[in-house]
Amino acid sequence: MTIDQENFYWLFSSSAQTISAFVAFLVTGCALVLNSMQNLEMKDDTYEEINHQLKLKYYHHLMILMIVTGLAIITSLIMVYLNGIDCCQKIWLFPLTIILNLALIILGVLFVLSIINPSKYKIAAKEIIKDDKIKESSTEVDTITFMTEFIKLEKDVRDKLQNKQLYVPFGNTPKMVYSFRQMAESLNKNQLISHNDFLELLKINKYRNLVFHGHLDKVNSDLLTKVINAIKIIDKIE
């Protein structure tokens with residue numbers, strides 16, 4: 001049984017168009033998701049590190065997807081061009097084109113699943129913590145203890161700013177709502193802490209965000225030590 005030339009032409013010309021439309025929908029959906037992530041980050045800066053991790057992952061997925069898309073479209077168009085030509089290359093190009101088309105569909109579906117995964121923030125937070133060098137310590141403490149000490153640190157920083165009448169505006173509104181990062185920036189800007197202490201506060205805040213969104217039961221004991229030392233530094237501010 002043979003497939004006539006018209007069927008070949010229809011198959012590969014339509015596949016190139018279908019692939020283009022499929023990827024266009026994926027890119028549009030990804031743009032909407034990224035915009036939603038950006039809006040979420042503007043409302044809650046605790047998502048900053050996690051969003052950055054997710055954006056890098058999405059970029060790598062899209063890069064692979066675009067490469068496979070380009071190859072699938074090129075091979076499909078070549079098959080259309082070779083349709084009316086008696087060419088031996090069609091023997092191996094035909095299965096290659098089919099494989100690329102199928103691979104693109106599978107990769108596209110996996111990409112969509114990764115975007116809509118309700119646990120994506122939790123997974124990303126755990127990945128960042130796992131990859132960080134601070135996990136080299138062998139001792140751990142429960143997250144309740146860590147979060148309790150962090151709340152003390154946050155309160156101390158807020159009290160120092162209020163006592164010195166140093167307020168960091170929240171956007172363009174007059175509301176007295178401050179993120180920990182904004183409060184740390186205010187302390188540094190007004191030279192109440194050193195630049196190294198400022199960086200340490202940012203690092204603590206980063207791990208607090210990751211611990212919170214990662215829903216961890218245990219955290220590295222070094223993190224608790226950093227928080228306690230930071231409280232001592234803030235208490236020394238006159």
Considering all heavy atoms of both residues, which atom of [X] and which atom of [Y] are nearest to each other, and what is their separation?
X: L224; Y: E149; result: CD1-CG, 3.4 Å
X: L210; Y: A125; result: O-CB, 3.6 Å
X: M66; Y: V27; result: CE-CG2, 4.1 Å

Using a 3.5 Å distance criterion without hydrogens, assess whether the side chain of [X] forms a donor-acceptor pair with backbone atoms of [Y].
X: K160; Y: I237; result: yes
X: S76; Y: A72; result: yes
X: N190; Y: S186; result: yes

Could you list the residues that satisfy salt bridge (charged side-chain N to carboxylate O under 4.0 Å, His left out) with K57, not counting sequence neighbours?
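Applying salt bridge (charged side-chain N to carboxylate O under 4.0 Å, His left out) to K57 gives E127.
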Any residue meeting salt bridge (charged side-chain N to carboxylate O under 4.0 Å, His left out) with D159, in chain and number order, not counting sequence neighbours
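If we apply the salt bridge (charged side-chain N to carboxylate O under 4.0 Å, His left out) test to D159, skipping adjacent residues, the hits are K155.
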Report yes if the side chains of E185 and F198 come closer than 4.5 Å at any heavy-atom pair, otherwise no.
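The answer is yes, as the side chains (C-beta and beyond) meet within the 4.5 Å cut-off.
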Atom pair [atom1] ([X]) and [atom2] ([Y]), whose distance is rounded to the nearest 0.5 Å:
X: I128; Y: H52; atom1: CD1; atom2: NE2; value: 8.5 Å
X: D156; Y: L161; atom1: CG; atom2: CG; value: 11.0 Å
X: I50; Y: H213; atom1: CD1; atom2: NE2; value: 5.0 Å
X: L153; Y: M147; atom1: CG; atom2: CE; value: 11.0 Å
X: E49; Y: N51; atom1: CD; atom2: CG; value: 9.5 Å
X: L32; Y: M37; atom1: CG; atom2: CE; value: 13.0 Å

For [X], all residues meeting side-chain hydrogen bond (donor to acceptor under 3.5 Å, both in side chains), sequence neighbours excluded:
X: E154; answer: none
X: N188; answer: none
X: H61; answer: none
X: T97; answer: none

What pairs with F146 under ring-ring contact (aromatic ring centres under 6.0 Å, His included), at least two apart in sequence or on another chain?
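With neighbours one apart ignored, the set is empty.
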According to side-chain contact (heavy atoms from CB on, under 4.5 Å), who are the partners of I74, at least two apart in sequence or on a separate chain?
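Scan of I74 (side-chain contact (heavy atoms from CB on, under 4.5 Å), adjacent residues dropped) gives I78.
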Who passes side-chain contact (heavy atoms from CB on, under 4.5 Å) against L107, sequence neighbours left out?
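Expected list: I64, L65, V68.
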Would you tabulate the side-chain donor-acceptor contacts of residues 229-236 under 3.5 Å, counting partners in other chains and residues two or more places apart, or write 'none'?
unit_1	atom_1	unit_2	atom_2	d
N229	ND2	T225	O	3.3

As a quick check of understanding, evaluate side chain to side chain contact (heavy atoms under 4.5 Å, CB included) for H195 and L199, giving each step before the final call.
CA-CA 6 Å; H195 184 67; L199 295 178; 3.7 Å; yes
How are the rings of F180 and F150 set to each other: parallel, tilted or perpendicular (split at 30° and 60°)?
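Tilted: the ring planes of F180 and F150 meet at 30° to 60°.
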For I144, I'd like to know if atom CD1 has over 12 heavy atoms of other residues, nucleotides or ligands within 6.0 Å.
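Counting neighbours around CD1 of I144, 12 or fewer heavy atoms of other residues, nucleotides or ligands fall under 6.0 Å, so no.
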What do you reckon, is CZ of F212 surrounded by more than 12 foreign heavy atoms closer than 6.0 Å?
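Atom CZ in F212 is not crowded, with 12 or fewer foreign heavy atoms closer than 6.0 Å.
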Honestly curious: do V219 and I123 fall in one hydrophobic cluster under the side-chain, below-4.5 Å linking rule?
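Unlinked, V219 and I123 end up in two clusters.
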Which pairs count as side chain to side chain donor-acceptor pair (under 3.5 Å) when at least one residue sits in residues 99-122, sequence neighbours excluded?
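Residue pairs passing side chain to side chain donor-acceptor pair (under 3.5 Å), neighbours aside: none found.
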Can you list every side chain to side chain donor-acceptor pair (under 3.5 Å) pair that touches residues 27-40, not counting sequence neighbours?
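Listed by first then second residue: Q38-K55.
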I would like to know whether E48 and K206 meet side chain to side chain contact (heavy atoms under 4.5 Å, CB included); could you show each step before the answer?
CA-CA 9 Å; E48 181 179 356; K206 169 187 173 182; over 6 Å; no
